[in-house]
Every structure is written in C-alpha cells, then in structure tokens.
Amino acid sequence: MAEKEVQDFWEKNKIYNFDPSRKKHIFTIDNPPPTISGKLHIGHIFSFAQTEIFARFKRMQGYNVYFPIGFDDNGLPSERFVEKELNIKASAISRDEFFEKCSTATKHYEEKFESLLKSMGFSYDFNLKYSTISDDVRKISQTSFIELAEESKAYLKESPVLWCAECQTSVAQAELNPKEKDSYFYYIPFKVENDILEIATTRPELLCGVVCIFVNPKDKRYLKYVNKKAIVPLYNFEVPILSDSEVCIDKGTGAVMCATFGDAKDVEWFNKYSLPYKNVILKHGRINENVNFIGSLNIKSAKNKIVKLLEENKSLIKSEKITHIVSTHERCDREIEIIPSKQWYVDILNRKEKLLSIANQINWYPFSMKNRYIAWVNNIKWDWCISRQRYFGVPFPVWYCLNCGKPCFAKKQWLPVDPIKFNYKDKCNKCGCSEFTPEKDVMDTWATSSLTPQINLSNLNKLINNNCNIFENKNVENFLPMSMRSQAHDIIRTWTFYTILKSLYHFDKIPWQNIMICGFVLAKKGEKISKSKGELKFDPKTLIKTHTADALRYWAANTKLGVDTFFDPNDMKDTKRFMTKLWNCSKFVISHLEDFKIKEKKATKFIDKFIINATNKIISEACNLIENFEIGLARHKIDDFFWKDFCDNYIEIVKERLYQPKIHGEEERKSAQYASYYCLINILKLYAIYVPHLTEYIYIKADFKKFEKSPSLHMLLWEENLKNKVSYDEEIIFFGEEVKNLISSVRKLKSQKNMSIKESIDSVTINCYKKHKSFFIDTEKDLIACLKAKKILYTFKS
RNA sequence: GGGAGCAUAGCUCAGCUGGUUAGAGCACUUGCCUUACAAGCAAGAGGCCAUAGGUUCGAGUCCUAUUGUUCCCACCA
C-alpha cells in the first residue's frame, strides 16, 4: 500500500520526467524494450532493476538522465504469441485481420507490462515510451533500410537461405538454436563402376537431391574413386565423385553425399563447385510433388518411406542410432531447412574486421562479455537475412518494376509506408515502366530493434531540437554514442551485434560508450526459467504482492555484474530484515530531531565527526563501485556501514547523549543530532537507488522537506556528485575504529561472563596512541554511558 | 573441438594493482527483553582459499599444468 502511495506521489509530481531545458550533462540510456510475447518474468525484473538502479544513481549524481522505455511489439515473437494465444494461423486469415489481432493483443500486453514496470518503481520517463510498430519507429526503420540499400550494404539476392517451415519464413543465423536430437546414420551403397562406395547419411530422404559425393584427398581408401561417377540408389542417376579437404575421414564412412540442401556444408560446396540445384524440400516443409516415391510427403514420412524402400531393395547396409546436434528455430524448435529464395540481406561477411575492431572502442562491463561478441562475429557464416515472410512487422518500402524487376525504394517523404496499400508514384528509373508490384515481406524484428539508439536519439532530438529525424539532422549525432546500453548476456549475438552493425553503417561510430551486461536468473544451475515450469513461483506480480517491489529490487542488487543467479524465496528474508532495520533506525533518529534545526550544522564531538567522515568515505567508495556498474558490491558495502557502524555502534554510543542533555549538555546533544541527521539522510540517499519506495516513504512521513527543500528524496544529490567530491579524514576514521574495538572488547567480556549489556563495570582501561587521548577524553561521557563503566583509565601504545 | 568464467566456512558469496592472526550474510552454539528494532543485540564455533609445480623476502591473490564445473561458439554428412 505504501509503495502504491509513493508511486502515485512520483507520478503526480513528475519526479522522473526528463527535463529538455537542462541541456548539460545529459546521460542517455539505451534500455531493452521487452518483447511482447507473453509475460515479463523474474529475469526481466532482475536485469531491468540493475539498470534502473544505475539510472537512479546517475540522476542523483546530477546528470540529466534520458531514460526511456520501449516495447518491442513488432515481429515474429509477437506473431507466434498471438497465434498461440488465439489458436489461429496467420496464413488462414487475411493479412489485415491478423495485423489487427496482433495490434490489439500487443497493446493489451503493453498496458500490463507498463503497469508491472511502474509497480516495480522503475523510474522511466513514460512520456518517452516508444513501440517498434509505431509510425515514428517504422519511419526510422524504413529509412535505415533505404540508406543501407542505396549504399549497397543491403542487397537483394536469390540464394539458399535458412528456412523455418513451421513459421513459414526465412530466418537469420542468430535465430538458430542448437538442439541435441536422436537420429540414425543410414549406411547406403552407391555403385561406382563395379565397385560399391558406402555412404552414411542421416537424411536418406534427400537421396533424390544428391548432386555430388565428396571424399577427402588424403583418404587413401577412396582416392581411386575420385572423378568417377557414382549411381544413386533407388533413383539410379549418376553423380560425380570429387575430393575436398573439408571432408572428415573418420565421420561415417569418410565419404559424404552432398544434397541440395541438407546442411550448411552442402551450401558451401554448392557455391564452391557450382553444383546444380535440385529442388526437393519446399517451403511448407513437404517434398516436391515431382519427386519419385516421396512426392508431397512431409519430411518425416518421406524419410521412413525411403528407408523402407532401401530395405526392400537390399540397399540399406545398416542403420546406427546416434544423437547429433541440429539447428532449430529458436521460436518454435522446428529443425531448420535450407531452401533457395529471393531475400534481402545486410552485408556482414565483408565487414567482419571492422566489426571486431570497433568493439574495442566500447567499454564492456564485465569485460569478459566482449569475448562472446568476438566469438559470434568470428563465427558468422551468413550475411544477415532481414526478410521475413510474415505480417506483423515493418514492411520493406520497396516495389519491383513489373517490366525489368528493378527494386524501387520509397521516397523519404512517403515514410512510413506500406507498399501493399500505397502505389509507387514514379517511373522505374531503369526502364521507365510505371507498373510495379509491392514487396510483401516484412523485416526481421531485429532490423528495427537494432535501431534503439537511433529511436532514442530521434526522440531526444525531437524534445531538444524539435526535429525528429536522426538521419536528416546530424545535430543528433552530438548525443552519439549514447552513454550506455544495458542488457542481459543472452542477446549479445542479436541486439548488441546488430546495433553495433547498424551504428557502424549509418554513422561510422559506436552506438554507446559503455555496455552493462547482466546475468540471468536461473531455476537451478544452467537451467533457464521456462514459461511452463514454475511460472507462478517466479511471477513478478505475485512476488511484488508477497514481498514488495523494494524487496525484489534489493535482491536484484545482490550479485556481481554479469553473474547468473538463482531465485530462492528464502533470500527474501534478508531483504525484509534489512527493510525493517532501516525503518526502525530511521524512526529512532527522527524521534530525536523534533527540535533540530538544519542551520546548526556543526558536529563538535570527535565521535560525531567520525561517523560523518565514515559516511563520506562510504559514499565515495559506493560511487567508485557503481561507476563501474558494480551496484551489488556497492550495496554490500553500504549495508555493512549502515548496519555495523551506524546502527550497532554509533547509535549505541550517542543514545544517552540524545536522551539526556542534562547529563551531556545541550550543545553536545545538538552535535549528535546533526551527525545522526547527516548520516541518516545520506544513508537514505544511498539506499534511495535500491529501495526507492521505502526511503521516499520515510522521507515524506518524517517531513524531511523542511530540512532539504525538496519534495522528493529522489531529487536530491549524493554528497559526492558531478560537481562535488567528498573528503574524509582518515585519522578520525582510525580513531572511530579504535572506539569500535574498545566497545567490542567490553561486550566480549560481558558476554563471556553472561552479563547483561546494561550491567555496569567498575572501570575500563583504554590502550591507545598518545595523540588520540584527547579524542577519547572528548568521548568519555558517551563511553561511560554505552559501556556502563564507572570510570575510564588510559595506557598508551607506542 | 575452440574460447571465456568460476572453484574461498555447511549454504550464498566478498576479498582491488601480491603484505601482518582470510571476511560478510544465512544456518549453528551460548548469553542478553538494552527508553529504535527479539524480524533485535552481543559473543562463539566453523576454512591445508580445488590439486601439483613455479616466481617472490612473502601467494587466496601472479605464472604453468591438471581436475571439476558453468557458459559462449563450432559440431546436422
């Protein structure tokens, strides 16, 4: 209830609204727009919370933080989600109708997402919200495409492409998931003259598509066959036998059939040796009807039938059970086929070196995550296919000349445009023809998601320079690179990679100076939380309800950056303990501030100076850690200070001075008031980024406004900020440590003797450095009260 | 097969550029109702810092190798 109250207060007072009039020290954050494909899970909360905590930190450092949220609603993930949710097939209804259903569904979920994000207290400026299917974003995405196409960085090509027969679309390498599957190795005899060459294959249904046989040039067993012809069983046609060093001698029989297309290797050989193409598997996942024996069957039945025929024909030597890893489509788990078709691609293979070197200009946190990017770029085998034969996406702004086939691009003033609904209003500049056919494909969702810096900066530019188009107004480049990107490590090969690629192409610049990469929340070691398993247990809405948003946030700031973690509801005990402690501690300090005047900023007692200096030190240390995105390590440091130094020691020391000015003196009490106020307000500020509701609630309820002149805790700055560095006196801090040791020894003694803490003792002898004696004498009354000692004596260490 | 991370108390983890008896929280044991907090306070027990070498006056920290573990990439014949 208190959290909701505080959230309403923030919203009403526009605490987190971006202020375009403050043009200095703008800090821009490229924050992940969640995909609208179901629920936000605990992993989102974990990673979003870490980013958000950092954003709050920057705000409290005095930066004008540009921190928008977006929703990635367009694209295949949303389509698949809608198909499942409504139990429909996109292909079964009209394009418009399906688009409409997707729009409605995504809109509905966006509202849910937004309300969940708000209930976490995430300080996005929701006025800056964007959606990737919106007109503005479609315009940016289409502009990007046209620019790339005009510079030949994007191109149209007929060639073998990765194909998902389930989703009925081409896909990109980044969308492949390796999956271990059970299969059989079938050993099949191919006749070569009067000899038999045995071949092992997992895909006998492709026998009719065999175009060649390869052996390794170092494989003495088979050299005699090279350049001869082999006869394909069942189909009885001849194929050449060639040698290629890429053939693994110890795999199968060491002789391999190359079909069009069984796998990526086939494509490689197809290109390398200009092999003929045989159209076996069609886009809907069935065999070409013209193929003998298996025409029109699906792949599985075709395989079974061929195996049966081979057996009957005594052409199956043996079959061997194996498990092998196949590429599946990440959205539906269906095995990927390779089928030639005409698609739009973005050039990657020619830019690998630049893509590798430019990564060095970005600061990676944690640094080792850069390796994943490097490994990915190094291993890319395909240019980025950006066409999708789908519906709920950004259309290609392209028409094809009916006469000569030339692709004609939309004029920029037409954008955003759907070529299906809008005629190309010009003549073909190649042949002059004025009849066109529209491109029906839409773009890969990443083709748009990879433009989040451009989207963010266009919106920022709109606010500041009143001009929305980043591609036209180069002023916007002043904000490029953005200050930071944040994300989890699973999308380095997609979001990170594609964004860097596009930024390189459009601006020849890195997209952001820093990238902060969070870990994953796992159910147990190595196992991602899936939607089916333990959905309720990890449902953020339920967790907020049972544990509060602040508790989840505090938990999210528990780890080192980039490290995967587990969610255990038991961990929430710690959090509750902490929140109660902060509440009680605040209550105590506030109860002694009734007559406190902020103008009397003076700590006269050394022990008060100690805690103020220690506070400053912890602020400085926390700043250093968080600047390196280590919000978890910073939190632990702050916890330690808050709990041990402030609560367990300092408060115990000054308690009586606060309660009994008659014994300790009015001035002395004021000094304690000031020190405890200073510490509390700074502790609240430190924790404001982690537990914004609780701290704000304390701030409001205790009417801190009268001291700090700000309606909200979150509009205050940390003592150490953009313009101010805190200082602290190590000598005084050392003295404070000595006092803590002293107290600890007395407590130990009492504990060993089973004495109550409040039982008095006759005398305490302090062993200290001579130069600190005056400090201790200054603290004597406090110590007598705290230790319940009757008198204090001294000895000195050298 | 290539690469990266991790290996410290029963559990979850800190230990920065090598420096005195290795830290925290949870759990455990004991004591304490202390004018904020028993969801608390105090004290205690618990570690050949994965293994083996090496560098160094000195290694949890640096180097080499090994083992275990997790992840990324590759592996579809």
Side-chain angles (χ1 to χ4, degrees), chain A residues 176 178-181 183 185-186 199-203 206 210 213-214 246-248 251-259 261-266 269 322-328 335-336 338 366-381 489-490 492-493 519-520 522 525-526 558-560 562-566 568 570-571 573-574 576-592 624-625 628 630 632-633 636-637 639-640 643-644 647-648 651-652 655-656 658-660 743-744 746-759 786 788:
Chain A
L176 303 184
K179 210 156 202 178
E180 200 170 78
K181 295 221 167 167
S183 182
F185 236 154
Y186 298 98
I199 287 194
T201 179
T202 55
R203 303 206 62 177
L206 286 176
V210 173
I213 285 171
F214 284 101
E246 299 260 309
V247 175
C248 301
K251 202 163 192 170
T253 63
V256 51
M257 69 181 213
C258 171
F261 294 96
D263 63 21
K265 194 97 233 159
D266 291 340
W269 280 327
I322 56 161
T323 56
H324 64 166
I325 291 161
V326 294
S327 287
T328 61
E335 289 182 33
I336 287 291
I338 298 170
F367 185 71
S368 63
M369 289 294 176
K370 189 170 108 180
N371 292 327
R372 298 204 185 183
Y373 171 87
I374 300 289
W376 178 251
V377 175
N378 273 326
N379 282 304
I380 288 177
K381 291 204 174 76
H489 55 58
D490 58 328
I492 290 174
R493 68 180 189 179
F520 244 80
L522 307 172
K525 272 218 158 83
N558 190 40
T559 54
K560 218 172 156 166
V563 175
D564 290 342
T565 191
F566 314 100
D568 180 352
N570 271 333
D571 295 344
K573 278 193 209 152
D574 290 2
K576 277 183 192 154
R577 203 174 135 260
F578 158 72
M579 301 213 304
T580 309
K581 189 75 179 175
L582 185 59
W583 177 258
N584 285 323
C585 162
S586 304
K587 202 170 70 182
F588 172 81
V589 173
I590 291 160
S591 74
H592 289 281
N624 286 337
L625 285 167
N628 286 304
E630 291 292 0
L633 300 186
H636 284 290
K637 262 205 182 301
D639 284 345
D640 204 44
W643 211 294
K644 293 272 166 67
C647 292
D648 293 347
I651 287 182
E652 292 304 323
K655 221 175 214 177
E656 194 188 83
L658 285 166
Y659 278 116
Q660 308 281 2
I743 293 171
S744 175
V746 175
R747 284 171 175 169
K748 187 169 175 173
L749 182 91
K750 288 185 178 177
S751 183
Q752 278 168 352
K753 303 205 164 183
N754 285 356
M755 291 162 74
S756 161
I757 293 287
K758 68 174 181 184
E759 241 179 283
C786 172
K788 305 279 186 274

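The chains referred to below are lettered A, B, ... by the order of the sequence lines, with proteins before strands, and numbering in each begins at 1.
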Start at the 5' end of RNA chain B and walk down; is the nucleotide closest to A/Lys655 or to A/Asn371 reached first?
A/Asn371
For A/Glu630, the side-chain hydrogen bond (donor to acceptor under 3.5 Å, both in side chains) test, sequence neighbours excluded, returns none
Taking only residues two or more places apart in sequence or in another chain, which ones pass side-chain hydrogen bond (donor to acceptor under 3.5 Å, both in side chains) with A/Gln752?
none
I'd like a table of atom pairs between the protein and nucleotides 26-31 of chain B - only N or O on both sides, under 3.5 Å - with the distance next to each one.
from, atom 1, to, atom 2, distance (Å)
B/C26, OP1, A/Arg577, NE, 3.4
B/C26, OP1, A/Arg577, NH2, 3.0

Could you tell me whether A/Glu652 contacts a base, only the sugar-phosphate backbone, or nothing, with contacts defined as non-hydrogen atoms closer than 4.0 Å?
base
Quick one: are A/Ile213 and A/Ile199 in side-chain contact, heavy atoms under 4.5 Å?
yes
For A/His324, answer base if it contacts any base atom (sugar-phosphate contacts may also be present), sugar-phosphate if it contacts only those atoms, and nothing otherwise; contact means non-hydrogen atoms under 4.0 Å.
sugar-phosphate
Whole angstroms only, please: what is the CD1-C1' distance between A/Ile322 and B/A77?
9 Å
Tell me what A/Lys748 touches on the nucleic acid: a base, only sugar-phosphate, or nothing, going by heavy atoms under 4.0 Å.
sugar-phosphate
Could you spell out the base pairing of RNA chain B in dot-bracket, with Watson-Crick or G-U pairs whose two distances are under 3.5 Å, [ ] crossing and | to another strand?
(((((((..((((.....[...)))).(((((.......))))).....(((((..]....))))))))))))....
Over all atoms of both residues, closest heavy-atom pair of A/Lys750 and A/Glu759:
NZ-O, 2.9 Å
Partners of A/Lys251 by salt bridge (charged side-chain N to carboxylate O under 4.0 Å, His left out), sequence neighbours excluded?
none
Those residues that, when tested against A/Lys381, pass side chain to side chain contact (heavy atoms under 4.5 Å, CB included) (two or more places apart):
A/Gln173
